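The block underneath contains the structure these notes are about, expressed in structure tokens.
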Amino acid sequence: SQQGEEDPQALSIQEGENATMNCSYKTSINNLQWYRQNSGRGLVHLILIRSNEREKHSGRLRVTLDTSKKSSSLLITASRAADTASYFCATDASESGAGSYQLTFGKGTKLSVIP
Amino acid sequence: DAGVIQSPRHEVTEMGQEVTLRCKPISGHNSLFWYRQTMMRGLELLIYFNNNVPIDDSGMPEDRFSAKMPNASFSTLKIQPSEPRDSAVYFCASSLRGSQKKLFFGSGTQLSVL
């Protein structure tokens, strides 16, 4: 079953605009990660935010986490055509324990950045 | 580092045939994961290994699926016999214990069972 659910399913913006994608999850988590997948390729890790963090930045990426609402958002600022990809959130459920590796992915948001 | 290497990149086979997918994890990584990706179900974890030992195979859909990791640098996922509903992209990923479960993915194997 899916733990994380991304919203929207698809997003189309002009180059230079900001893109915001959201992720909702169901159970308590240790951390939440965002991955990018270019067409025909594997997923690439972008950023990880721990359950005790509220915001994290990496370059043009900004991730927020609201554990009370069980939601996260990924903001890509000043988007580029090269940002066109699918973006997935992945959650590490806290009940899974340190010895477990149950990282559960959502179905992703497909982002298209138009030049 | 070459990253996670999967082979083949594409596999087309007929129903009933045996299919073997291969994976070489990143050197030094001690956890290995097999995922399956479809439009309908997204990314599903099939099985993962820790230090070459299978830890959780509850995601393996049926007995037709089996996975092995004979050493730290090689793993296989076998489907025997294959069925059309097995058509999907199969990903292998590896991670380093203590890395907060950041996964490094291979490029995947696109499997088509006719």
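Keep in mind that this is a model prediction, so the values were computed, not measured. Below, read A as the first sequence line, B as the second, and so on, with proteins coming before strands; counting in each chain starts at 1. Computed from heavy atoms alone, side chains included, the values below leave out hydrogens, waters and symmetry copies.
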(request) Kindly work out whether a path of hydrophobic side-chain contacts (I/L/V/M/F/W/Y, heavy atoms less than 4.5 Å apart) joins Leu46(B) to Tyr35(A). (result) no
(request) Would you name the heavy atoms of Phe105(B) and Leu43(A) that are closest together and state the gap between them? (result) CB-O, 3.3 Å
(request) Could you tell me whether Arg54(A) atom CZ has more than 12 heavy atoms of other residues or ligands within 6.0 Å of it? (result) yes
(message) If you count every heavy atom of other residues, nucleotides or ligands that lies below 6.0 Å from Lys68(B) atom NZ, does the total exceed 12?
(response) no
(message) Between Lys102(B) (side chain only) and Ile47(A) (backbone N and O only), is there a donor and an acceptor less than 3.5 Å apart?
(response) no
(message) Please report the interatomic distance CG(Leu103(A)) to OG(Ser31(B)), rounded to the nearest 0.5 Å.
(response) 11.5 Å
(request) Would you give the length of the straight line joining atom CD of Gln33(A) to atom CG of Leu103(B), rounded to the nearest 0.5 angstrom? (result) 6.5 Å
(message) A quick test of your reading: do over 12 heavy atoms of other residues, nucleotides or ligands sit less than 6.0 Å from CG of Asn71(B)?
(response) yes
(message) How long is the straight-line distance from CZ of Phe91(B) back to CD of Gln37(A), given to the nearest 0.5 Å?
(response) 4.5 Å
(message) With clusters defined by side-chain heavy atoms of hydrophobic residues (ILVMFWY) lying less than 4.5 Å apart, directly or transitively, does Ile47(B) cluster with Val19(B)?
(response) yes
(message) Can you give me the closest heavy-atom contact between Phe88(A) and Gln37(B), atom names plus distance?
(response) CZ-NE2, 3.6 Å
